[in-house]
Amino acid sequence: MAASGGRLPPIALTTNCPSCGVGLVPETLRDQCYVCDCGHHFRMHGDAWIALLADAGSWHERWADIRPHDLLEWKVPKAYQETIDQARAEGLNEAVRVGTATLAGHPIWLAVFDFRFVGGSLSIVAGERLTRSLEQAAAARTPYVLLAASGGARMQEGILALMQMAKINAAVGRLHQAATPYFSILTDPTYGGVPASLALLADVNIAEPGAAIGFTGPRVIRQSTYADLPSGFQSAEFQLRCGQVDMVVARTELRARLAHLIELYLRPLRGRR
Ligand SMILES: [Zn+2]
């Protein structure tokens with residue numbers, strides 16, 4: 001199976017790999033799903049993830065017209081409305097986009113976080129899109145694939161953003177009750193309310209190699225616990241050793257692994273449909 005559903009779009013790259021220092025050739029890296037020969041996984045934006053996971057031409061986005069608003073009139077450090085307007089002027093829709101697609105021919109619901117939109121933060125719009133898509137997936141028993149990349153709940157939406165965690169988790173519960181397979185991919189970075197809610201509630205929680213995954217950053221934890229943190233703390237590999245994630249999968253293998261998992265989970269359900 002091809003490593004990606006279609007040709008990946010360009011992403012912003014440094015001139016050298018931050019892990020091995022080698023000079024990067026953008027076109028070569030693009031053909032390798034933005035994974036360096038040394039194994040370093042570069043952060044990808046939402047469009048690249050959709051191109052990687054969805055079969056070419058199969059992506060149908062839903063509820064893209066639900067737009068964020070500054071309900072709390074947040075002003076510090078800058079006006080929230082200004083932040084939203086700037087991101088939208090750059091052609092970004094929201095921190096989470098959802099839609100239907102096929103993956104290796106299997107119909108799926110796909111939700112993709114985009115770190116470029118206010119740090120991939122969980123917002124009212126993100127919560128609404130995730131909840132609606134989870135409910136539709138449960139109703140039709142369509143496998144659900146989540147791609148997480150987030151700094152946590154959107155502070156400019158305060159308690160309204162935090163409330164999304166409970167709402168989304170209830171929808172994940174309905175997905176589980178409907179015995180619908182749910183797969184979560186945690187990429188670099190996945191922090192705060194996202195791993196504290198839906199990103200770690202999947203049937204199979206998959207992390208990308210080297211991804212930073214945790215609730216809050218090491219500095220804050222050290223300040224509040226006065227404890228020395230273990231080396232490699234909050235890396236995907238550390239989370240795997242601690243049982244927080246089920247597997248660490250290289251991006252070049254991800255599509256094939258997901259296709260295999262979907263097939264595996266759907267097999268016993270077929271007779272019950
Ligand atoms: Zn490298």
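A250 and H41 make their closest contact through CA-NE2, 3.7 Å (heavy atoms, listed as atom of the first residue, atom of the second, distance). For the pair P143 and P107, the tightest heavy-atom approach, listed with the atom from each and the gap, is CD-O, 3.5 Å. The heavy-atom pair separating A3 from T252 by the smallest distance is CB-O, 3.7 Å. Pairing each heavy atom of H176 with each of A202, the nearest pair is CE1-C, 4.4 Å. For the residue pair P268 and Y265, the shortest heavy atom distance occurs at CD-O, 3.5 Å. Smallest separation of non-hydrogen atoms from I11 and R43: CD1-O, 3.4 Å.
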Checking W49 against L110 for the side chain to side chain contact (heavy atoms under 4.5 Å, CB included) test, could you report, in this order, the C-alpha distance in whole Å, the side-chain angles of both residues, the deciding distance, and whether it holds? CA-CA 10 Å; W49 277 112; L110 177 61; over 6 Å; no

Between F42 and T14, is a side chain to side chain contact (heavy atoms under 4.5 Å, CB included) present by the stated rule, with each step listed? CA-CA 10 Å; F42 288 85; T14 51; 4.1 Å; yes

Applying side chain to side chain contact (heavy atoms under 4.5 Å, CB included) to I221 and Q234, what does each step give before you reach the verdict? CA-CA 11 Å; I221 297 173; Q234 293 188 330; 3.7 Å; yes

Evaluate side chain to side chain contact (heavy atoms under 4.5 Å, CB included) for V96 paired with V125, printing each intermediate quantity in order. CA-CA 8 Å; V96 172; V125 171; over 6 Å; no

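You'll find the side chain of D31 reaches within 4.5 Å of the side chain of R7, heavy atoms only. Under the 4.5 Å side-chain criterion, counting only non-hydrogen atoms from C-beta, D70 is not in contact with Q156. Within the 4.5 Å cutoff, the side chain of E157 has no heavy atoms near those of the Q164 side chain. Between D55 and R255, some side-chain heavy-atom pair lies under the 4.5 Å cut-off. Between S184 and L198, every side-chain heavy-atom pair lies at or beyond the 4.5 Å cut-off. A 4.5 Å side-chain heavy-atom check between L53 and L254 finds at least one atom pair inside the cut-off. Annotation: side chain of F113 is in contact with side chain of L130 (closest heavy-atom distance under 4.5 Å). R97 has its side chain out of reach of F117: every pair of non-hydrogen atoms, C-beta onward, lies at least 4.5 Å apart.
Y182 and I108 end up in different hydrophobic clusters when Ile, Leu, Val, Met, Phe, Trp and Tyr side chains are linked at under 4.5 Å. There is a path of hydrophobic side-chain contacts, each under 4.5 Å, that joins L52 to V249. When hydrophobic clusters are built by joining Ile, Leu, Val, Met, Phe, Trp and Tyr residues whose side-chain heavy atoms come closer than 4.5 Å, directly or via intermediates, V112 is not grouped with I124. Under the 4.5 Å side-chain contact rule for hydrophobic residues, W59 and I262 share a cluster. Hydrophobic clustering, with ILVMFWY side chains joined whenever heavy atoms are under 4.5 angstrom apart, keeps L122 apart from Y80.
Side chain of E237 to main chain of G210: a donor-acceptor pair is present (N/O by atom type, distance under 3.5 Å, no hydrogens or angles). For S133 (side chain) and R129 (main-chain N/O), a donor-acceptor pair under 3.5 Å exists by modelled atom type. No side-chain donor-acceptor contact under 3.5 Å links S121 to the backbone of A153.
Taking a 6.0 Å sphere around NE2 of H260, one finds it holds 12 or fewer heavy atoms contributed by other residues, nucleotides or ligands.
Interatomic distance, L24 CG to L29 CG, rounded to the nearest 0.5 Å: 5.5 Å. Here the NE2 atom belonging to H60 is positioned 8.5 Å from the OG1 atom belonging to T102, to the nearest 0.5 angstrom. A distance of 12.0 Å separates CE in M44 from CZ in R30, rounded to the nearest 0.5 Å. Here the straight-line distance linking atom CZ of R257 with atom CE of M247 works out to 5.5 Å at 0.5 Å rounding. Note: R154 CZ to I84 CD1 = 7.0 Å, rounded to the nearest 0.5 Å. Put simply, SG on C17 and CG on D37 are 9.0 Å apart, with the number rounded to the nearest 0.5 Å.
A donor atom on one side chain and an acceptor atom on the other are found under 3.5 Å apart for S123 and E94. Side-chain atoms of T180 and Y144 include no donor-acceptor pair closer than 3.5 Å.
Partners of R116 according to the side chain to side chain contact (heavy atoms under 4.5 Å, CB included) rule, which considers only residues two or more places apart in sequence or in another chain, are H45, D47, L92, D114.
Pairs engaging residues 201-229 under the side chain to side chain donor-acceptor pair (under 3.5 Å) rule: E208-R251 [sequence neighbours left out].
Checked for salt-bridge contact, R132 and E128 meet the test: a charged N lies under 4.0 Å from a carboxylate O.
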